[in-house]
Structure formats: structure tokens, C-alpha cells
Amino acid sequence: MRNCTDQEKIETFLGRERTGVLGLVSDSLPYTVPLNYVWRNGSIYFHGMGSGKKEKILSQNPFVSFTVYKELGTVTDPVPCHADTAYMSVMMFGRAVKVTDPDEAAAALQKVLDKFMPNYYSQSLSSTLIEKYRSSMDGNAVAVYRLTPQEITAKENSADLAILFPMEIQ
């Protein structure tokens, strides 16, 4: 089996990777959207405009899945049918809850800035800024969501770099 149960490895992976895919349940069709996230205190935090398709679907049905995936390369083998992919993935299932506490929202968005733009801003975000900020696109406040997983599954297929097919750099 390729199940990964090493909690430290899972935590490190979730803290290091930058994007995941949020799966939502719409009226008639599934809806998935890639997005930036942070892993903080056992929860995934993500944000977006306070309007739009994601916001509308979450207001109607907050049950989601979230997948973080990293392909590490193609595993070579003398037998073509035994070639494989080296990867790690984590899937989470639960409810995405809109964060209403301005301090929690500011802390989560600060983690986003720290992760994606370290040391770029000289001052930390304040809850006052989060409460007052409005999108220039629609005038709505930023929406911050927290997904505390009810279930997490992780899989991996690790491989020695020496047996990975050399990837062409473009």
C-alpha cells in the first residue's frame, strides 16, 4: 500500500506546498478550483473575494474536499508496465467555515503573506485593516475560510532520484 501515516511528514508537506485543489459540491456538478493556502493549527486557510462562484457554493453547501499533490518524477523500469510516478498527496474532507473573527482572519492572511511573500511587507496585517479592506472589483470584504479536516488521507510513492526519468527543463 502507498498510504502515508507519518504525521510529521504530512504536516511538513502541508506546510511546504503552495497550492491545493478545493472540491465543492454544486447543484448539479462538482466544482474544483486550485488555490493558494496555508496550513495553520491543524487547519487549511484560504481566501478569496467576498463574492463569486466559490463564495456562492460555500454559502449553500460548506462540505468540501481539499487535495495537495506533488509529482516528484517518473520512476523508470526495464519493464514498461512497471514504470510509475513518484508523488505525495494529501486529501482532506470536512466543512469550510467562513472566518468571522477579524483577529483570526488577520493571522491567517499574515501567514499567507509570510509564506508567499516573506519579508516583503514591513508591517504585519491588523484586524482593523482586514475589517475595512474592500475589493476594488466588487466592494466586498475579503473572505477567509478555515477547513478543519474531519478526515485526512495521505499517499506517497517515494523513489530514489537515481531511478527517476530525467525531466526536460523548458
Side-chain angles (χ1 to χ4, degrees), residues 1-77 81-101 104-118 142-161 163-165 167-170:
M1 293 303 289
R2 295 184 175 177
N3 291 334
C4 176
T5 58
D6 182 338
Q7 290 303 312
E8 186 176 330
K9 189 174 202 173
I10 292 168
E11 294 270 337
T12 299
F13 178 75
L14 291 172
R16 180 183 63 234
E17 294 307 314
R18 297 169 56 91
T19 58
V21 179
L22 180 69
L24 305 142
V25 181
S26 185
D27 290 331
S28 58
L29 294 171
Y31 178 71
T32 58
V33 59
L35 45 83
N36 296 331
Y37 75 93
V38 291
W39 176 250
R40 179 176 184 265
N41 300 329
S43 295
I44 290 288
Y45 285 85
F46 59 92
H47 73 289
M49 290 188 348
S51 62
K53 189 169 187 169
K54 179 174 55 180
E55 173 84 11
K56 180 180 178 191
I57 293 170
L58 285 171
S59 71
Q60 295 169 352
N61 188 346
F63 293 100
V64 299
S65 66
F66 191 80
T67 302
V68 180
Y69 178 88
K70 173 83 173 186
E71 180 184 353
L72 304 171
T74 302
V75 181
T76 60
D77 192 276
C81 295
H82 292 172
D84 204 347
T85 300
Y87 67 91
M88 173 121 188
S89 67
V90 176
M91 293 180 66
M92 292 168 251
F93 306 89
R95 287 182 65 219
V97 177
K98 194 174 207 177
V99 175
T100 57
D101 174 24
E104 181 182 1
L109 290 174
Q110 183 63 52
K111 286 291 192 186
V112 169
L113 290 177
D114 293 345
K115 182 176 184 177
F116 293 92
M117 300 174 71
V142 65
V144 177
Y145 287 89
R146 176 185 61 248
L147 165 59
T148 303
Q150 294 172 326
E151 179 184 352
I152 295 180
T153 62
K155 292 190 174 192
E156 68 175 327
N157 183 24
S158 57
D160 186 336
L161 291 176
I163 64 169
L164 293 181
F165 188 77
M167 302 204 29
E168 181 180 322
I169 298 174
Q170 297 183 8

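Count residues from 1 along the sequence.
Within the 3.5 Å criterion, the main-chain N or O of Glu17 finds a donor-acceptor partner in the side chain of Tyr37.
Residue Arg40 holds its CZ atom at 15.5 Å from CG of Leu14, rounded to the nearest 0.5 Å. Note: Glu156 CD to Tyr87 OH = 8.5 Å, rounded to the nearest 0.5 Å. In this structure, CZ on Phe66 lies 5.0 Å from CD1 on Ile44, to the nearest 0.5 angstrom. To the nearest 0.5 Å, the span separating CZ on Phe93 from OG1 on Thr153 amounts to 5.0 Å. For the atom pair NZ (Lys56) and CG (Asn61), the distance works out to 13.5 Å, reported to the nearest 0.5 Å. Of the inter-residue distances, the one linking Leu24 atom CG with Leu29 atom CG reads 12.5 Å to the nearest 0.5 angstrom.
Considering only heavy atoms from C-beta on, Val68 stays 4.5 Å or farther from Met88 through its side chain. Between Tyr45 and Val112, the closest side-chain pair of non-hydrogen atoms is not below 4.5 Å. At least one side-chain heavy atom of Glu55 sits less than 4.5 Å from a side-chain heavy atom of Tyr145. Taking 4.5 Å as the limit, some side-chain heavy atom of Gln60 sits within range of a side-chain heavy atom of Asp27. The closest side-chain heavy-atom distance from Val33 to Lys53 is not below 4.5 Å. By the 4.5 Å heavy-atom criterion applied to side chains, Val90 and Ile152 are counted as neighbours. Side-chain contact between Lys111 and Trp39 is absent, with no heavy-atom pair separated by less than 4.5 Å. Using a 4.5 Å cut-off on side-chain heavy atoms (C-beta onward), Leu58 and Lys98 make no contact.
In terms of heavy atoms, Ser43 sits closest to Pro149 at CA-CD, 4.4 Å. The two residues Gly48 and Lys54 come nearest to each other via the heavy atoms CA-NZ, 4.1 Å. Pairing each heavy atom of Ala108 with each of Val144, the nearest pair is CB-CG1, 4.1 Å. For the residue pair Ile10 and Ala154, the shortest heavy atom distance occurs at CD1-CB, 3.6 Å.
Atom NZ of Lys115 has more than 12 heavy atoms from other residues, nucleotides or ligands within 6.0 Å. Under a cut-off of 6.0 angstrom, the local environment of CD in Glu8 is sparse, with at most 12 non-hydrogen atoms contributed by other residues, nucleotides or ligands.
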*For the pair Arg146 and Glu104, evaluate side-chain contact (heavy atoms from CB on, under 4.5 Å) and give the outcome as yes or no after the intermediate values.*
CA-CA 10 Å; Arg146 176 185 61 248; Glu104 181 182 1; 2.4 Å; yes
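A salt bridge links Asp84 and Arg2; the closest N-O separation between the charged side-chain nitrogens and carboxylate oxygens is under 4.0 Å.
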